[in-house]
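Data block below; observations after.
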Amino acid sequence: MTDEFQLIRPNEAMRRKPMQDRSKKVVAAIVDAAHKILLENGREALSTTSLEVVSGVPKSSIYQYFPNLDAIVFEVYRVVMRAQHLKGYREFPSDQVHTVQSFIHWLLDWSIEIHRKVLEIDKNLLLGHKGFWDAWQELNDNLAPEGSAEEFIYDKLKSCSDFKSGKNDLLRVHALGRAAQFMVYALITDNIEFIDDPEFRLTLVKMCCAIFSEEE
């Protein structure tokens, strides 16, 4: 067994999914330890030895669940995305009056912050696996069972002071959700410097607002 890089797809990341409470705790300890190491010391410090020391899980058990270190990092990505998705979902400022544009600003800020958190973990692995995430599906999975991404977005849009419902609401809501998630991901994996460009967010806002333009 080695820590060498192996190209894997997201649905192949883990050797097996933990089913029992004990095995779930073991996997959580491994992932939490990896997250800590990555944030504090970077990818070069991540090894089965450092994971064993920080997590308290022996190497033999680590390899029962993960084929290599990349697979562990992928799982850290998922945990971070899940936490950030739920954070935004639960902390949406419902006590404020929103317009469609201000909601789109919030939605994009949410998506950009999620991607920033993921990039902090191991940007080289993420950028080396362009197309890895179906960010919309991740959002849907992370909101369940409380609701779907479409339901969440549509509910917030309907509360906007200037939202006008129409026969194509489902299409527009789906397009907005896809745009907010995928455009951020696609653009930063094309050029990571875009995320720090002041025009990045403004450009995305203009594109998303066009979905609700009444002009033919």
Side-chain angles (χ1 to χ4, degrees), residues 1-91 110-149 181-182 184-186 188-189 192 195:
M1 295 183 292
T2 70
D3 291 342
E4 293 179 359
F5 173 83
Q6 298 176 35
L7 182 62
I8 57 179
R9 300 304 300 166
N11 61 349
E12 299 170 342
M14 294 186 69
R15 287 188 191 277
R16 62 188 180 94
K17 295 288 185 181
M19 304 301 292
Q20 305 293 330
D21 287 344
R22 181 180 177 279
S23 58
K24 289 179 181 179
K25 290 179 180 178
V26 169
V27 169
I30 296 168
V31 175
D32 288 348
H35 193 191
K36 179 180 175 64
I37 294 166
L38 288 163
L39 290 182
E40 293 183 358
N41 304 110
R43 178 57 188 267
E44 62 277 5
L46 185 67
S47 67
T48 51
T49 300
S50 64
L51 279 171
E52 185 176 42
V53 171
V54 177
S55 69
V57 178
K59 293 180 183 180
S60 58
S61 295
I62 293 172
Y63 278 111
Q64 284 182 14
Y65 296 99
F66 297 99
N68 53 44
L69 294 176
D70 288 341
I72 297 173
V73 178
F74 288 141
E75 198 60 28
V76 176
Y77 287 154
R78 286 194 179 90
V79 169
V80 169
M81 289 186 76
R82 186 179 306 123
Q84 292 300 312
H85 279 145
L86 293 176
K87 182 175 184 290
Y89 178 72
R90 291 168 178 165
E91 296 181 1
W110 184 24
S111 181
I112 291 169
E113 181 62 17
I114 289 169
H115 287 84
R116 283 191 188 278
K117 292 293 185 183
V118 173
L119 286 169
E120 286 176 1
I121 298 164
D122 183 349
K123 68 179 181 181
N124 291 328
L125 184 64
L126 183 72
L127 298 178
H129 286 72
K130 185 175 180 179
F132 178 92
W133 295 115
D134 182 338
W136 176 264
Q137 188 59 51
E138 288 287 335
L139 178 58
N140 247 357
D141 291 346
N142 290 333
L143 292 183
E146 297 177 73
S148 69
Q181 293 287 322
F182 278 117
V184 173
Y185 176 60
I188 65 173
T189 51
I192 194 172
I195 199 168

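- The minimum heavy-atom distance linking Ser61 with Val57 is given by the pair CB-CG1, 3.6 Å.
- Contact between Ile72 and Ala34 at its shortest, heavy atoms only, is CG2-CB, 3.6 Å.
- In this structure Lys36 satisfies the side-chain contact (heavy atoms from CB on, under 4.5 Å) test together with Glu40, Val54, sequence neighbours excluded.
- When side chains are defined from C-beta on, Lys123 counts as touching Ile192, because their heavy atoms get closer than 4.5 Å.
- Between Tyr77 and Leu126, the shortest heavy-atom distance links the atoms OH-N, 3.2 Å.
- The OG1 atom of Thr48 sits 13.0 Å away from the CZ atom of Phe66 when rounded to the nearest 0.5 Å.
- Scanning both residues, Ile121 and Val73, for their nearest heavy atoms gives CG2-CG1, 4.1 Å.
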Practice task
Kindly indicate, with the supporting measurements, whether the criterion side-chain contact (heavy atoms from CB on, under 4.5 Å) is fulfilled by Arg43 and Asn124.
Solution key: CA-CA 9 Å; Arg43 178 57 188 267; Asn124 291 328; over 6 Å; no
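- Partners of Glu52 by side-chain contact (heavy atoms from CB on, under 4.5 Å), not counting sequence neighbours, listed by chain and number: Pro58, Lys59.
- Annotation: side-chain contact (heavy atoms from CB on, under 4.5 Å) contacts of Ile195 (sequence neighbours excluded): Ile112, Arg116, Leu119, Ile188, Phe200.
- In this structure, Val118 and Met81 approach most closely via the heavy-atom pair CG2-CG, 3.5 Å.
- Atom CH2 in Trp110 sits 7.0 Å away from atom CD in Gln181 (nearest 0.5 Å).
- Side chain of Tyr89 to main chain of Ala149: no donor-acceptor pair is present (N/O by atom type, distance under 3.5 Å, no hydrogens or angles).
- Of the charged side-chain nitrogens involved, none lies within less than 4.0 Å of a carboxylate oxygen, so that Asp32 and Lys25 do not count as a salt-bridged pair.
- With rounding to the nearest 0.5 angstrom, the CG atom of Asp122 is 9.5 Å from the CD atom of Glu44.
- Looking at every heavy atom in both residues, Glu120 comes nearest to Leu39 through O-CD2, 4.0 Å.
- Looking at His85, Glu91, Gln84 one by one, the single match for side chain to side chain donor-acceptor pair (under 3.5 Å) with Lys87 turns out to be Glu91.
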